[in-house]
Structures are given as structure tokens and as C-alpha cells.
2 protein chains.
Amino acid sequence: MSGEWQPGHRLPNEHELMAQYSCARMTVNKVMSGLVTAGLIERRRRAGTFVSRQQTDSAILQIPNMREEVTSRGARYRYRLLARTVRTHVELEAETFEFFQGGPVLELECLHYADDRPFSYERRLISLAAVHHAEEADFSHFPPGTWLMEHVPWSEASHRIGALNADAEIARVLQVAVGEACLLVERRTWRLREGITQVSQFFPGDLYTLGARFAPDGQIRTRTNALKNLH
Amino acid sequence: MSGEWQPGHRLPNEHELMAQYSCARMTVNKVMSGLVTAGLIERRRRAGTFVSRQQTDSAILQIPNMREEVTSRGARYRYRLLARTVRTHVELEAETFEFFQGGPVLELECLHYADDRPFSYERRLISLAAVHHAEEADFSHFPPGTWLMEHVPWSEASHRIGALNADAEIARVLQVAVGEACLLVERRTWRLREGITQVSQFFPGDLYTLGARFAPDGQIRTRTNALKNLH
DNA sequence: CAGTGGTCTAGACCACGAA
DNA sequence: TCGTGGTCTAGACCACTGG
């Protein structure tokens, strides 16, 4: 979680960890199983245990992987960066200011297309205090959601889902009529209580739905977000 | 899961289960821990293990508990049954027909109020083949979601979340303007691959959002569905 | 105070799959 | 082939808490 071990780094095997922590192998195994579930490590017999290469974003959070979302349905994915600003002076609202603990943020506006039709408009803030490399990253060709998933581990996130009528700006960007119902997903992500990123994603209501299939314990079996009405 | 043990029924203790299944206590304990996570049983030291009194609907699915949703915010909850029909001849669309395997269904339309303002319009189908008692249940005063949670265990569910503009009927029932953005939650619930219920819930977009806070493994820490703009 | 669950240990056998 | 993880056993000590 600290980033000390890069993705792909091999961890000590269970016997070594037994010795290191002076405990039984089953105790080690329980902890490791939990880390597998959390997506932080991957385990292969004979090969060993490794820090996950990509943050296996949990199904519920997999929304940001727009490219896969689109291409898996045979549509063509395109991405465009609309705006990029570094905000050192914080002219943010109080709640957002608190989330980023007053530090500098990178503000991005992006658009995701499916077959040349815009299907997601994204406004994102990234903490530069928490993610130093973000300022040098090239977001003009690759979406920040993907980049963050691959580079920054996270320990907690929240989201909020709502519906709203498109105002003039959203309508213009998403190429829908003013007043069209849009799905809004707002998400915040933390690493050890430090705010990493905050994003608002707007989807045309007739084009995108969130879906999941799950068990009583809340474990998600499959995610079934859907693009509709693609021509 | 079969319903053979009523809620509150006490299960054999771990030593008895060891003997019954000829396995070690740790193996029993692992299984039981899983059932606790799944919300099917509750365990208390010295007292024993019991079938859960209420299906502890997982956070992600807790949407149906409208009463708690409303009253926990200091608002007054009211419920109204708009329509009740038993459909034996199945004039359902193909997908719905398949879900209920052609059996008879109970169709309900309900409205949930917060402080006398409608905030959720619900269209629900319940399989009478799977839930026999449903036909005798009194849904004129108590919402079907709550009743089902208390009476029918489930093993799997799916939901779909979208946004749509209110049509004339929805606008009338929810007392919003035609075209107002609404949040739509569709949910299906199974017990051992048998379809139990299917529901569509409409919320005024300016009044209700879904929220959750969760860990990378998808485990939900807290649910934070929100009622807004109540006066 | 004693029955119950929570959790650990030490050891074992096995399945897998990379070397 | 054999190092590694997956999973089980048998036994132990302890923390609760209800009777």
C-alpha cells in the first residue's frame, strides 16, 4: 500500500513469512487470502505471490475503465482531453478543499466516445500532493482513470449516483438536448485517509446504465454496465 | 436457505457439526463465518448460532427499506398501495416470462412518501409459484419489499441503475414535471435460480441519490443513500 | 461459572503449474 | 520435477456472556 513494493514485486513465500512474523502458516495464509480478495496481490502456485500489476478495480468501481467498457461491445473507443489546469490557489468549495487538505490539485475535463458518440463527460480533480507523478503524466491521449488505477493503490472509495437534467454545458458536450436525463456518478478515492482523486461522470440517460449481479453478502458476481442504442 | 429452519432457529454448535460432518472444528468455523458474512446466521458466544431474524439485506441492496431510509432522516414515512393484480394468464414480455418461468405473478404498484412528498414509485412483480404466502399478505399497509426481506431468503440478485425523463404517468404519480430527470433502479432477486421478485423503482432525480463507501475488495463499509431538498 | 464461539498452532497431504 | 499455495486435521487457549 505504501508503494515501497512496485507492481510485480515478489513477496516472501508463506514459510518465510511464518518465520518473519513468528506465526503459523495458516495465519499467514488467512492474511494473504484477504489481500488477494482485496486485489492487492496475486498468487500463483509454484511461482509465488506478487504485488498486483493493475489495481484490480472491484466490479462496483470498474466504471472508470471506459475503454474496455466500450470495446468489449464491439464499439470503437475514443478519448479526448477538453481541459487541464493546475490549481495551486485553492478556489474550491469547502468540502472539496477539505478532501484535498488544501493541497494543489490537477483539474481535468475529459470526454469518452463510443463510435464517435460522446457517452461520458468527466470532471476530475487529482491531488498533486498525494500523486506527484500526475503533473508529468500525459492525459492528452490516455484517460486519467486508467492511469490512476495502474499507478496509485487505494484503500477506500465512495460513490454517489443520481439523475439530473442536462444543463446547457452538459448538453453541448454530450451532444444531447437540454433537459435530457443524465446519470451522474461522483466518486472519491482515498489512500490511507489521504484524498487521491474526485470525479464526476455524466452519462446520457438513454445510453448508459450501471448494473451488477450479487450475492446476499454484497459480493458482486458480475458487473453488467450497458451501453444502449448504439447505431 | 430452504426455509426448513425458521428465523430464530438455533443451529447445532460447532462440536456437534464436527461430528455430523466428520471434519475439524476449524472447517466448521470457516463455513459458519461465511454464513455470518452472508447474513444468513447470527452467532453469540455462550448463546449459540441462530438463523437470522431478518434478512440483513446487504448495504448495496438496502434500497428497499424505504421506511428506515426516510425515518432515519427525521422525515415522516407514509406508504400507499396503488394497484394490486394477480396475473395468471401471462401477458408479460418474453424476458419477464422467462424470469418467472411462466408461473402466476402478483403485480403491485406502490408509492413511498417522505413528509407527504412522493419520493419513490415502485412497480413490482412477485412470483406466486415461489412465494405462496404472498397472495394472502396484506400489502395495503406494509410495503412488499420489507415483507419479502423478512419472509423469503435469497441467494442472488441483480440490479440496473439508469436515468430517464419522467413520462406523463410517472410525473403524475411522483408529482414532478414531465421531463424531470428520474433515477430508475431495477432489481431482480433469485432463490436458488428460481425467480422471486422483480421491481422497478423510480425516484425524483432532485430528491434521491444512491451512495456507498467501500474498500478495494468491493466490501461496502457504509451505505449513504440520501434524501435531499426536503422542506 | 461454564458453554460457546474466536482464533491460534503445528503438522499434513495434495494440486497445480512454472521451471 | 518439486516449490508453491490450497486446504484440511487435531488440539489448544482464551474471551466473552448468558444462565
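First the proteins, then the strands, lettered A, B, ... as listed; each starts at 1. Everything numeric here is computed off the predicted structure, so don't read it as measured data.
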Kindly say if B:Arg10 contacts the phosphate of C:dT4, meaning a side-chain N or O under 4.0 Å from OP1 or OP2. yes
Protein-nucleotide distance (B:Asn13, atom CG; C:dG3, atom C1'), rounded to Å: 8 Å
Between protein and nucleotides 9-19 of chain D, map the contacts as a letter string: B base, S sugar-phosphate only, - none, heavy atoms under 4.0 Å, written 5' to 3'. BB-B--BBBBS
Nearest-Å distance, NZ (A:Lys30) to P (C:dT7)? 7 Å
Rounded to whole Å, CD of A:Glu42 lies from C1' of D:dG5 at a distance of 15 Å
Spacing of B:Asn29 atom CG relative to D:dT7 atom P, expressed in whole Å: 16 Å
Figure out the CG/P separation between B:Leu35 and C:dG5, and round it to whole Å. 13 Å
Report the distance from atom NE2 of A:His15 to atom P of D:dG6, rounded to the nearest whole Å. 12 Å
Tested for side-chain contact (heavy atoms from CB on, under 4.5 Å) against A:Ile126, the lone hit among A:Thr197, A:Val105, A:Val199, A:Thr189 is A:Thr197
Remember a base hit wins even if backbone is also touched, and classify B:Ser33 as base, sugar-phosphate or nothing at under 4.0 Å, heavy atoms. nothing
Salt bridge (Lys or Arg N to Asp or Glu O under 4.0 Å) pairs touching residues 126-140 of chain B, sequence neighbours excluded, are none
Parallel, tilted or perpendicular, as decided by the 30° and 60° cut-offs, for the rings of B:Phe139 and B:Trp147: perpendicular
Whole-Å gap separating C1' (D:dT4) and CE (A:Met32): 11 Å
Please report the distance, rounded to the nearest Å, between CD1 in B:Ile41 and P in C:dT4. 15 Å
Stacked cation flag A:Arg188 on A:Phe99, 6.0 angstrom / 45 deg: yes
Crowded around A:Glu107 CD? As in, over 12 foreign heavy atoms under 6.0 Å? yes
If you draw a 6.0 Å radius around CD in B:Gln20, do more than 12 non-hydrogen atoms from other residues or ligands fall strictly inside? yes
